[in-house]
Amino acid sequence: MIQSRSAAHAKAYFSEALVKADYYLSDQDQEYSGRLQGKLAERIGITGPVTKDAFFALCENVSLVTGEALTPRTKDERTTGYDINFHCPKSVSILHALSNDTHIRDAFEEAVRQTMLDMEADSKTRVRKNNMDDERDTGELIWADFIHQTARPVGEYLPDPHLHAHCFVFNATWDEKENQMKAVQFRDIKRDMPYYQARFHKRLSDQLIEQGYQIRRTGKSFEIENVPVSVIDLFSKRTDEIGRVAQEKGITDARELSELGARTRAKKQKGHSMAELKADWRRQIDELGPDDQGQGKRVIRFAPNKEKQVMTPKHCVDHAIGHDFERASVMHDRRLLATAYRHSIGHVDVSLDTITEQLEADERLIQVVEKGRTLCTTRQVLAEEQHMVNLARLGQGKLKPLYTKAPALTLTGQQADAVRHLLTSPHRVSIIRGAAGSGKTTLMHEAIEKIEQAGKRVTVVAPSSQASRGVLREEGFTQAQTVAQLLADETMQQNLTGQVLWVDEAGLLGTQDMTRLLSLATQKNARLILGGDTRQHASVVRGDALRIINTVGGIQTAEVNKIYRQKNEAYRQAVEDLAKGDMRSGFAKLDQLGSIQEIDPLQPNATLVEDYVATVQQGKSALVISPTHEQSEAVTEAIREKLKATGLVGKKEINAPRLANRNLTEAQKSDWRNFQAGQIIQFNQNGPGIKRGSVWTVESSSESGIFIRQDDQPPIALPLHKPGDFDVYQKGDIHLAKGDQVRITRNGFDQDKNRLNNGQLLDVVKVSKHGDIMLRNNLSKAEYRLSQNYGHLAHAYCITSHASQGKTVDEVFISQPASTFPGTDAKQFYVSVSRARFQARIYTDDKAQLLDYALRDGHRQSALELVGQTQELIEQHIRNTLSRSSASKAVPNERPKPSPSKDRDYEPGL
């Protein structure tokens, strides 16, 4: 869904892309004419083929019938509309291109039409009259659809087959209540694009199954069975590249889009008929020879049916609940539905409607309608959070303080106040909230010294191995361990009896681990000190536990927000504002410092690469951060090329295997369709015939199970019933040379049994032709020797803000073009900016929009917050009802119905 910000942009797009996308075809084979559709088109009488005059008039916000403005306001830089793209899976496009009829295109057009009707039914407009600030359902849109059959060519190749559609939705709708045309509120439709996409894929796959095809679900979509992977790869040279590159680079401006098209467009070729294109496509397929599985031609349509596992709407909803609530406590119902719809692909007997009905009736869910959208949690998640909060509250005021009066301290100010709070607290649970760079380590040293002087032993742990065995041990806490080690080691647990447990980086704990620590502290009558920063990144798994027990549980914090890391006063003040949550002020101060640089969206990495290399050449430590993995990889490639050109990375390099974790949830690991032959399985636990840490290769995946093999041993079945016991990796490669900086991506050991921690940054000091790799820790100077096949390595020139948390360098460089804005929020921005001692530089192509995204707090709502706020409103309603009706008495056992609210509605029985 790509925004068009002006009439000029929309007109240029019409002329250059929508009606001429396949100008490589001869005139008689031009693409199908676009059509104007939608209830609003019917209302104003302009349905039918799209003409240039009609499209341009709508761009100018003018009715071609009356010549008058459609909506009350027409500005030069108004949002003209949105281009919504629908793409067929590549195998579908190939079969359509080689077909002698239109049955596939007909199925595609119908799936597009029904999905556009979904969006139209959801359309809204803003209501601003009579001091209102609300939204109203309208259910009417107007759009022009264009069906294209080919992709733009690459180089001198003829175009590849690519069946896709552009539906350009104009910014107008009909407000029945106000009896006038108004602008559309597109925000919710844009937010729900994953939901509409899942419905589109489900509809298209169901229709293809009914036409005799068998469907193979993929990670993001599906493919048709028996179309060889080699043929799919052959015709993936370019898939609507202008739109793809524009989205990746966040380009929406008309001029920039035009420049991008000119830069990426292949030379114009002479016209070709569709018959000529089909003949060439068949030639390319024939030249491949036998397919990648040694087979020749296969039956694709009306092949013998494969017996499939039974799938029901409940199976789909079970999968959605298991998958989505593994990493969040509250989910939008449409995200749950999108997951459930995707799970059903390939099973035509399970419909969209039955899945929707199953989810709406599921008694495990608690559903709250808030500001026009339904938010969900589960009764299990709610009970889990309530138990955690109750455990935290249980020990308040139950212990004798370590000191009646705090002893003399060398610390001063906030740090001294925080230590005194710990030493004189009667509570079992204490929280020290320390901003990034506020000297939490210095505070820990003095606090632990005084605690030990009071006769208590302190056990120090952290959620990650890098934070515990890496950072904490390097800072003097030599016995620091991981939370996981503590929870698995009964001897460590026994040693806690009557003592003190200190958890550093506690903001990274999820609800389940926090609950286990609270239970352990209660059982062992131990004090629990939680140090962390709720404004930094929270756990990957469900529950922002530290924030919940602070805000919902009422466990007070000792605040340490005076920052020492930043050596430049103006820079430090900006970070302090970000740490306090004042994003506007912090952003403005960074801008005044010249820290925010606007870049060319066509060359988003050029300036950053030059600045980074210059800093490294000066001998300074530096870190490059980006919100998304995709942008990180693009920046890494650009930096490495520059470092090789300048001699900072050696020319002699080896090609080593790289294992990229697919980060599947347990629900995904329980579904055989998420596995492919050649993927790597590594085990975290021992099992029958399986050693912890052992590496296996997926040999096959089908309804009958997943079989894995190690070396020349017979294959065994992967234990899908224990998804937590293994991780799934995709095998790739990585080029390594002397001077490279790498990151360890999984805990492990080198060839000399030295421990390597996930997230550890190391320098490559030597590579040998035999494949050995020598690494060095730039701080401790410790060296590690790895074999070429270690696998768990990635270049570390640009990392995500999650991976950067806990690291400190001289200068930080932040790559934040518009394409990364979906991954941008206050937590990400604060963590990224606060990593440096001397300077932070942010590179973006849209400064104003970057601020808008950085204002999002990034907190994941808890189940207690979702339901608790609703309960407060209900109780307030009851109080109001009783006060208004003092003469009447409440009926016993009858629950008052909540009054309608502008922001919230309530599901029956909540």
Side-chain angles (χ1 to χ4, degrees), residues 391-434 438-463 467-469 471-506 509 513-532 546 549-550 553 555-560:
L391 280 172
R393 289 172 172 166
L394 187 65
Q396 297 308 91
K398 296 295 178 67
L399 299 181
K400 181 181 178 181
L402 295 173
Y403 291 87
T404 305
K405 181 180 180 181
L409 303 173
T410 59
L411 296 173
T412 59
Q414 290 181 332
Q415 290 183 320
D417 291 341
V419 174
R420 293 189 192 100
H421 168 72
L422 296 179
L423 300 179
T424 60
S425 173
H427 306 313
R428 186 181 309 285
V429 181
S430 300
I431 300 175
I432 301 293
R433 181 185 174 272
S438 61
K440 293 190 292 291
T441 304
T442 304
L443 183 158
M444 282 180 68
H445 276 295
E446 181 143 8
I448 290 175
E449 178 186 330
K450 300 303 181 186
I451 292 171
E452 289 175 342
Q453 288 176 6
K456 298 294 184 181
R457 183 175 56 253
V458 181
T459 299
V460 178
V461 297
S468 59
R469 300 176 184 131
V471 177
L472 284 173
R473 290 188 180 183
E474 289 175 0
E475 292 176 341
F477 304 99
T478 57
Q479 301 301 313
Q481 280 288 0
T482 62
V483 170
Q485 179 67 28
L486 170 65
L487 295 175
D489 190 324
E490 292 185 4
T491 302
M492 281 186 69
Q493 294 174 22
Q494 191 60 39
N495 289 337
L496 282 178
T497 303
Q499 306 302 319
V500 179
L501 174 62
W502 191 307
V503 184
D504 193 38
E505 296 286 358
L509 289 172
D513 279 348
M514 180 67 85
T515 301
R516 294 176 70 186
L517 289 175
L518 289 165
S519 297
L520 180 61
T522 302
Q523 292 166 11
K524 303 302 181 183
N525 195 33
R527 295 175 183 272
L528 178 61
I529 300 172
L530 302 169
L546 184 64
I549 64 174
N550 170 218
I555 308 300
Q556 294 182 343
T557 64
E559 297 284 334
V560 184

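Keep in mind the model is a prediction, meaning the values are calculated, not measured.
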Using side chain to side chain contact (heavy atoms under 4.5 Å, CB included) as the criterion, list what pairs up with [X], not counting sequence neighbours.
{"X": "Arg473", "result": "Arg469, Ala480, Gln481"}
{"X": "Thr459", "result": "Val461, Met492, Leu496, Leu501"}
{"X": "Asn495", "result": "Arg457, Thr491"}
{"X": "Leu399", "result": "Arg428, Asn525, Arg527"}

Kindly compute the distance separating [atom1] ([X]) from [atom2] ([Y]), expressed to the nearest 0.5 Å.
{"X": "Leu472", "Y": "Thr478", "atom1": "CG", "atom2": "OG1", "value": "10.5 Å"}
{"X": "Trp502", "Y": "Leu422", "atom1": "CH2", "atom2": "CG", "value": "5.0 Å"}
{"X": "Ile549", "Y": "Leu509", "atom1": "CD1", "atom2": "CG", "value": "9.0 Å"}
{"X": "Leu518", "Y": "Leu394", "atom1": "CG", "atom2": "CG", "value": "10.0 Å"}
{"X": "Gln523", "Y": "Leu391", "atom1": "CD", "atom2": "CG", "value": "9.0 Å"}

(request) Could you list the residues that satisfy salt bridge (Lys or Arg N to Asp or Glu O under 4.0 Å) with Asp489, not counting sequence neighbours? (result) none
(request) Kindly write out the residues that satisfy salt bridge (Lys or Arg N to Asp or Glu O under 4.0 Å) with Arg433, not counting sequence neighbours, or none if the list is empty. (result)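 Applying salt bridge (Lys or Arg N to Asp or Glu O under 4.0 Å) to Arg433 gives Asp533, Glu559.
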(message) Using side-chain contact (heavy atoms from CB on, under 4.5 Å), reason through Leu409 and Lys450 one step at a time and then give a plain yes or no.
(response) CA-CA 9 Å; Leu409 303 173; Lys450 300 303 181 186; 3.9 Å; yes
Which pair of non-hydrogen atoms, one from [X] and one from [Y], has the smallest distance, and what is that distance?
{"X": "Leu423", "Y": "Pro407", "value": "CD1-CD, 3.8 Å"}
{"X": "Ser438", "Y": "Gln415", "value": "O-NE2, 3.2 Å"}
{"X": "Pro463", "Y": "Glu505", "value": "CG-O, 3.3 Å"}

My understanding is that only residues two or more places apart in sequence, or in another chain, count here; which of them pass side-chain hydrogen bond (donor to acceptor under 3.5 Å, both in side chains) with [X]?
{"X": "Lys524", "answer": "Gln494"}
{"X": "Glu449", "answer": "Gln453"}
{"X": "Thr441", "answer": "Glu475"}
{"X": "Glu490", "answer": "none"}

(request) Step through the shown structure and confirm whether more than 12 heavy atoms of other residues, nucleotides or ligands are within 6.0 Å of CD on Gln499. (result) yes
(request) Please list all pairs passing the salt bridge (Lys or Arg N to Asp or Glu O under 4.0 Å) test where one or both residues lie in residues 409-424, with sequence neighbours left out. (result) Asp417-Arg420
(request) Start with the C-alpha distance between Leu530 and Ile555, add both sets of side-chain angles, then the distance that settles side-chain contact (heavy atoms from CB on, under 4.5 Å), and finish with yes or no. (result) CA-CA 11 Å; Leu530 302 169; Ile555 308 300; over 6 Å; no
(request) Could you tell me whether the side chain of Gln493 and the main chain of Leu487 form a donor-acceptor pair under 3.5 Å? (result)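 The answer is yes, because a donor-acceptor pair under 3.5 Å joins these two groups.
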(request) Return each pair, listed once, that meets side chain to side chain donor-acceptor pair (under 3.5 Å) where at least one residue sits in residues 394-411; pairs must be two or more places apart or across chains. (result)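 Checked against side chain to side chain donor-acceptor pair (under 3.5 Å) - neighbours excluded - the pairs reaching residues 394-411 are Thr410-Glu446.
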(request) For Phe477 and Asp504, run side-chain contact (heavy atoms from CB on, under 4.5 Å): C-alpha distance rounded to whole Å, both residues' side-chain angles, the deciding distance at 0.1 Å, then the answer. (result) CA-CA 11 Å; Phe477 304 99; Asp504 193 38; over 6 Å; no
(request) Output, in order, the C-alpha distance, side-chain angles, deciding distance and verdict of side-chain contact (heavy atoms from CB on, under 4.5 Å) for Leu528 and Leu520. (result) CA-CA 9 Å; Leu528 178 61; Leu520 180 61; over 6 Å; no
(request) Applying side chain to side chain contact (heavy atoms under 4.5 Å, CB included) between Ile432 and each of Val419, Thr557, Leu443, report the one that passes. (result) Leu443
